[in-house]
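Note that the structure is a prediction, hence the values are computed from the model and not measured.
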Amino acid sequence: MALYSDKVMDHFQNPRNVGKMDDADGVGEVGNAKCGDIMKMYIKVKDGIITDCKFNTFGCGSAIATSSMATELIKGKKVEDALELSNKAVVEALDGLPAHKIHCSVLAEEAVAAAVKDYYDRNGIAYDPELFSKKLHDCEHCAE
C-alpha cells in the first residue's frame with residue numbers, strides 16, 4: 001500500500017487555489033514551530049458566501065495537500081458553514097493521511113477558522129469566542 005493516496009499526491013502536485021489574495025476579506029495564518037508547517041488562508045466573501053479562497057503554505061506535501069483540499073471544501077459555502085470544516089473531513093476528502101501527518105489537516109482546519117475569525121473581526125460581526133477557542137488550539141500531534 002502506498003504511503004499517500006492518489007488524491008493527496010494530486011493535491012500536492014497540482015494544488016488548487018494556491019497564491020496570495022491582495023483584496024481578501026479575511027486572512028488567517030497558523031503554524032507550528034515543531035513541525036515547521038505554516039499555512040496562510042485567504043477568503044473573499046460576498047453576501048455571506050465564500051466566493052473565492054487561496055492559500056500559501058510552507059511545509060511538506062501533506063501540508064500543501066490539506067491546504068488545497070480545505071480551500072476546495074469551503075469555496076461556495078456560507079461563512080458560518082466553513083467553520084464546520086473539520087480536520088477529519090479534510091482527511092476523508094483526501095482518502096486518508098498517514099497518522100504522523102494528521103497534524104497537517106488540523107492546521108488546515110485552524111487556518112480556515114482563523115480566516116473566518118479575521119473576516120468577522122474586520123466587519124464587526126459578533127461571534128461567540130468559544131467557537132474559535134475550540135478551533136484555534138495547539139496541535140497536540142506536533143508537540144510530541
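Residue I50 holds its CD1 atom at 10.5 Å from OG1 of T71, rounded to the nearest 0.5 Å. Rounding to the nearest 0.5 angstrom, the gap separating the CG atom in D25 from the NZ atom in K46 is 11.0 Å. Expressed to the nearest 0.5 Å, how far OG1 of T66 lies from CD of E109 amounts to 11.0 Å. Atoms CG and SG, on L94 and C104 in that order, are 10.5 Å from each other to the nearest 0.5 Å. To the nearest 0.5 Å, atom CD of residue E29 and atom CG of residue D118 are 11.0 Å apart. Distance check, rounded to the nearest 0.5 Å: CD1 of I64 to CE of M69 gives 14.5 Å.
Residues in residues 13-22 take part in these salt bridge (charged side-chain N to carboxylate O under 4.0 Å, His left out) pairs, two or more places apart or across chains: D10-R16, K20-D22. Within the structure, the salt bridge (charged side-chain N to carboxylate O under 4.0 Å, His left out) test picks out the following pairs touching residues 73-89 (sequence neighbours left out): D52-K75.
Between F132 and A113 the shortest heavy-atom distance is CE2-O, 3.3 Å. For the residue pair G96 and V8, the shortest heavy atom distance occurs at O-CG2, 3.5 Å. For the residue pair N17 and E72, the shortest heavy atom distance occurs at ND2-OE2, 2.9 Å. Residues L73 and A93 approach most closely at CD1-CB, 4.1 Å, considering heavy atoms.
Considering only residues two or more places apart in sequence or on other chains, S68 meets the side-chain hydrogen bond (donor to acceptor under 3.5 Å, both in side chains) condition with H11. When the salt bridge (Lys or Arg N to Asp or Glu O under 4.0 Å) test is applied to D23, the partners found at least two apart in sequence or on another chain are K44. Considering only residues two or more places apart in sequence or on other chains, V91 meets the side chain to side chain contact (heavy atoms under 4.5 Å, CB included) condition with L97, I102, S105.
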Problem set entry | Stepwise side chain to side chain contact (heavy atoms under 4.5 Å, CB included) test for I43 and I74 | CA-CA 9 Å; I43 59 172; I74 67 168; 4.1 Å; yes

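Using modelled atom types, one finds no donor on one side chain facing an acceptor on the other under 3.5 Å when comparing D95 with S5. Counted by atom type alone, Y127 and K117 present one or more donor-acceptor pairs between their side chains at under 3.5 Å.
The cluster map of Ile, Leu, Val, Met, Phe, Trp and Tyr, joined by side-chain heavy atoms under 4.5 Å apart, puts Y120 and M41 in the same cluster. Under a hydrophobic clustering in which Ile, Leu, Val, Met, Phe, Trp and Tyr are joined whenever their side-chain heavy atoms come within less than 4.5 Å, directly or via other members, M9 and V90 fall into the same cluster.
By the 4.5 Å heavy-atom criterion applied to side chains, F12 and S62 are not counted as neighbours. Side-chain contact check for M39 versus F58: every heavy-atom pair is 4.5 Å or farther apart. Contact of the T57 side chain with the D37 side chain is not registered, since no non-hydrogen atoms from C-beta on lie closer than 4.5 Å.
A side-chain donor-acceptor contact under 3.5 Å links D128 to the backbone of E130.
Hydrophobic cluster of M21: the remaining members, joined at side-chain heavy-atom separations below 4.5 Å, are V27, Y42, listed by chain and number.
Atom CG of N14 sits in a crowded spot, with more than 12 heavy atoms from other residues, nucleotides or ligands closer than 6.0 Å.
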